[in-house]
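Hydrogens, waters and symmetry mates are skipped; everything else that's a heavy atom, side chains included, is used. Bear in mind the structure is a predicted one, so any value in this text is a computation, not a measurement.
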There are 2 protein chains.
Amino acid sequence: MDRRLTTRGAQRRRQLIAFATRRFAERGYHPTSVAEIVAGVGVGKGVFYWYFASKDALFLEILREAQHDLRRRQSEAIEGASTPVERIERGVRASMEWSAANRDLLTLIHFAATEEAFAPAIRKGEEVAVADAARHIRDAMSEGEVPEADAELLAHAMLGVAGHLARTYLHERRRDTAVVADAAVAFCLGGVLGPRPAARPAAGSSTRPPARSSAPAMGEPATGEPAVTAPAAGVSRAL
Amino acid sequence: MDRRLTTRGAQRRRQLIAFATRRFAERGYHPTSVAEIVAGVGVGKGVFYWYFASKDALFLEILREAQHDLRRRQSEAIEGASTPVERIERGVRASMEWSAANRDLLTLIHFAATEEAFAPAIRKGEEVAVADAARHIRDAMSEGEVPEADAELLAHAMLGVAGHLARTYLHERRRDTAVVADAAVAFCLGGVLGPRPAARPAAGSSTRPPARSSAPAMGEPATGEPAVTAPAAGVSRAL
DNA sequence: GCATCCTTTGACCGTCCGGTCAAGGGACCG
DNA sequence: CGGTCCCTTGACCGGACGGTCAAAGGATGC
């Protein structure tokens, strides 16, 4: 659906995207009808299909723009940082700030990840962001700032923290962005640095850094029933 | 929809729940029609409405059962642990194992959280699990095992880690459950313990434990535009 | 005034949806 | 055997959905 748009046309298009974004986030994608969107904007139904090929196409465009914007903010936030750890911190903080300012878009991304039709688009953008964070984590590792481990997994864990804290504390409970961002950063840095023998020496003297000691490299995909194995190694014993 | 069911009736009911769960997870809740479900089970449409008041009611029941089961597993996993930190570890591990064994249910919980009609049910169960984890975190704090901070927020952060790693590494990439669980536990314990001055002493000597120093107690809800504040305090400086 | 082309209208289409219901099947009991 | 109650059928309902299209508007350049 690439058309030559006049200024007026471009405005109408933005108007439809803006209204649909709000409605999709508030009522859900499926429960929101095209009729509802055009009625909300105050135009005929044909207008919608003049600017978008389908309801799905509009949604995908919203997702695309959202991911692009988030990524841009992260890049901006990171430049100027001098150490890998500082880049990680700024990236997490930028994510939290973006999430605070773009409630609806985060909701839509969250939903899109659950629907097989949209999940691939989300995963793609997610992988890009994760690869970026993983790179900084690896940099920190090679500088000895952070213990060796699966950097990509750590990046995904940070993404999980940022997403969930944003939804719970920024959107649901409307807490102060800076405070929640600080907490998210602290948790993520703690997670990346890994659990350390605490101040007080533990009972067992063997201070084995827990299972994620990088080596086994996250074995190949498991087959059949998930292995509900024995508790493996008591990670907390290292404390 | 509380009926007196014969053995046969109870079986039919389970059959419908099982099929609908799979279908909802694979194709999405809205795109899956009641007609599709009854066709899949090989019965007439009336059967569905004999056992369930509505499509929504069935879905809510699936969610209820899922959350109940997860919680039971967590409780079982925790008993027998002697320290708060060990309880936290076992709880996280149990979540990962449950997620590995109940792919479809985790998917549905994830979706339900995005739809205003179902979100309250999810939030309720989530708050229970979080309160439980927060209690163990608080116990660990009062024993000096873990620095003081907002225990509930830390619990939510752990939930974010477990959920995202389960979806990404257990479901999507089918990695070994025990390995991913170890990584999740390690990250969570690191996050709860908080970033520590690393082995090598940092430039600035002031080893201020980062912003989450418990005190300001997560201020009241912010109003109006989200405060895209300056980067507050450079948490990573404490490293 | 005329031509062009972006824009808008809203009735209309076929389909599918969640949900209802009158009717009947069949197991068990007295 | 008749009665009861659990279970099943599938045609049917009203309505909503995503999407189409012939026709008309309106701005702009000539």
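- We find the CG-OG1 distance between B/Leu108 and A/Thr114 to be 9.5 Å, quoted to the nearest 0.5 Å.
- When the P atom of D/dC5 is taken as reference, atom CZ of B/Arg3 falls 14 Å away, rounded to whole Å.
- Using a 4.0 Å heavy-atom cutoff across all strands shown, B/Val43 reaches sugar-phosphate atoms only and no base atom.
- A/Tyr49 is linked by a ring-ring contact (aromatic ring centres under 6.0 Å, His included) to nothing, counting only residues two or more places apart in sequence or in another chain.
- Using a 3.5 Å distance cut-off with no hydrogens or angles, the side chains of B/Arg12 and B/Gln15 do pair a donor with an acceptor.
- Taking atom CD on A/Gln11 and atom P on C/dC6, their separation rounds to 17 Å, with Å as the unit.
- Between B/Glu79 and B/Arg73 there is no salt bridge, since none of the side-chain N atoms of the basic residue sits less than 4.0 Å from a carboxylate O of the acidic one.
- Near DNA chain D, meaning a heavy atom under 4.0 Å from it, residues 110-122 of chain B has no residue at all.
- Across D/dT8, D/dT9, C/dT7, the shortest atom-to-atom separation from the side chain of A/Thr6 is found for C/dT7.
- By the 4.5 Å heavy-atom criterion applied to side chains, B/Val34 and B/Leu58 are not counted as neighbours.
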Exercise. How does protein contact run along nucleotides 13-30 of chain C, one letter per nucleotide 5' to 3', with B for base contact, S for sugar-phosphate only, - for none, heavy atoms under 4.0 Å?
Worked result: ----SBBBB---------

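- No engagement by B/Phe52 is indicated, since no non-hydrogen atom pair under 4.0 Å with the nucleic acid exists.
- Proximity note for B/Arg4 (side chain, C-beta onward) versus D/dC6, D/dC7, D/dT8: the nearest is D/dC6.
- Remark: B/Arg12 is in phosphate contact with D/dT8, judged by side-chain N or O atoms under 4.0 Å from OP1 or OP2.
- Here A/Trp50 contributes atom CH2 and A/Leu5 contributes atom CG; the two are 8.5 Å apart, rounded to the nearest 0.5 Å.
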For this session: List the steps and the verdict of ring pair (Phe, Tyr, Trp, His ring centres under 6.0 Å) for B/Phe118 and B/Tyr29.
Result: CA-CA 11 Å; B/Phe118 304 124; B/Tyr29 172 74; 5.3 Å; yes

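- Less than 6.0 angstrom separates the ring centroid of B/His110 from the ring centroid of A/His110.
- Between B/Trp50 atom CH2 and D/dC6 atom P the separation is 6 Å, expressed in whole Å.
- For CZ of A/Arg3, the number of neighbouring non-hydrogen atoms (other residues, nucleotides, ligands) closer than 6.0 Å is greater than 12.
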